[in-house]
Amino acid sequence: MPPKAKSTATKVRKNTKKTNLTKLYNQMHKMSLDAVDNEIIKRFKILIDASEEDVSKNDVDQLMSDPKSSDPSVFPEGLQPYVRHYIFMSKRVKTQK
């Protein structure tokens, strides 16, 4: 009898780019000043990679253009701490100039 054929089925991962979250991640990376920022950004990247959906372009553009008046509650609950940290970082950068 021939040996049993192994299953060649593999998990197909949907390769979504999540460009809006990546845009926010890159901006945060540029604004990073210390180890705490780097650790938060690293965790944010892990969350982006694990996420199945992207956020809307309008929400990210609004956040990046005017962080002070942005409302973090428009983002999913898991992203809100990172959005708040982005707002903190943007305020910190403006006060240093």
Side-chain angles (χ1 to χ4, degrees):
M1 291 183 76
K4 247 184 179 177
K6 289 186 178 182
S7 174
T8 58
T10 58
K11 284 187 177 180
V12 177
R13 287 190 111 185
K14 190 175 181 182
N15 189 11
T16 57
K17 293 190 179 196
K18 298 173 225 113
T19 56
N20 299 322
L21 286 173
T22 304
K23 182 177 174 181
L24 181 60
Y25 165 80
N26 289 332
Q27 184 64 28
M28 287 177 76
H29 199 294
K30 290 176 188 174
M31 296 167 56
S32 174
L33 295 179
D34 56 15
V36 174
D37 290 340
N38 290 334
E39 185 64 28
I40 290 172
I41 293 168
K42 184 174 95 175
R43 291 179 185 193
F44 185 45
K45 179 66 174 164
I46 293 169
L47 185 66
I48 291 170
D49 292 340
S51 173
E52 292 185 13
E53 294 182 13
D54 200 4
V55 295
S56 75
K57 183 176 182 343
N58 291 337
D59 290 342
V60 172
D61 288 344
Q62 171 66 29
L63 174 66
M64 292 177 75
S65 65
D66 191 13
K68 286 185 179 182
S69 67
S70 295
D71 183 18
S73 66
V74 300
F75 291 90
E77 190 174 336
L79 296 177
Q80 288 179 10
Y82 303 100
V83 171
R84 283 192 214 102
H85 192 73
Y86 174 78
I87 293 169
F88 162 75
M89 290 171 69
S90 64
K91 288 177 183 177
R92 181 179 63 191
V93 167
K94 287 182 181 178
T95 59
Q96 288 179 348
K97 288 184 178 180

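All heavy atoms count here, side chains included; hydrogens, waters and symmetry mates do not. Starting from 1, each residue takes its place in the sequence as its number.
- Here the side chain of Ser70 pairs a donor or acceptor atom with the backbone of Asp66 at under 3.5 angstrom.
- Here Asp37 pairs with Arg92 in a salt bridge; the nearest charged N to carboxylate O distance falls below 4.0 Å.
- Between the side chains of Asp71 and Ser73, at least one donor N or O lies within less than 3.5 Å of an accepting N or O.
- There is a path of hydrophobic side-chain contacts, each under 4.5 Å, that joins Val36 to Val93.
- Proximity of the aromatic rings of Phe88 and His85 is defined here by a centroid distance below 6.0 angstrom, and this criterion is met.
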Derivation of the salt bridge (charged side-chain N to carboxylate O under 4.0 Å, His left out) call for Lys23 and Asp61: CA-CA 9 Å; Lys23 182 177 174 181; Asp61 288 344; 2.8 Å; yes

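- Taking the side chain as every heavy atom from C-beta outward, Pro67 and Lys91 never approach each other to under 4.5 Å.
- Inter-residue side-chain proximity for Met31 and Gln27 is flagged as met; some heavy-atom pair is nearer than 4.5 Å.
- Using a 4.5 Å cut-off on side-chain heavy atoms (C-beta onward), Ile87 and Leu63 make contact.
- Distance alone, capped at 3.5 Å, is enough to place a donor-acceptor pair between the Lys18 side chain and the Ser51 backbone.
- Of the inter-residue distances, the one linking Tyr25 atom OH with Tyr86 atom OH reads 15.0 Å to the nearest 0.5 angstrom.
- Taking every heavy atom of both residues into account, Phe44 and Leu24 meet most closely at CZ-CD2, 3.9 Å.
- Side-chain N/O atoms of His29 and Asn38 include no donor and acceptor closer than 3.5 Å.
- Side-chain contact check for Ile41 versus Tyr82: every heavy-atom pair is 4.5 Å or farther apart.
- Each of Val55, Asp59, Asn58 was compared with Val74 under the side-chain contact (heavy atoms from CB on, under 4.5 Å) criterion, and only Asp59 meets it.
- Judged by distance alone, the side chains of Arg84 and Gln80 do bring a donor and an acceptor atom under 3.5 Å apart.
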Check against side chain to side chain contact (heavy atoms under 4.5 Å, CB included), Leu79 and Leu21: CA-CA 10 Å; Leu79 296 177; Leu21 286 173; 3.7 Å; yes

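- Salt-bridge check for Asp54 with Lys17: failed, with every basic side-chain N at 4.0 Å or more from each acidic carboxylate O.
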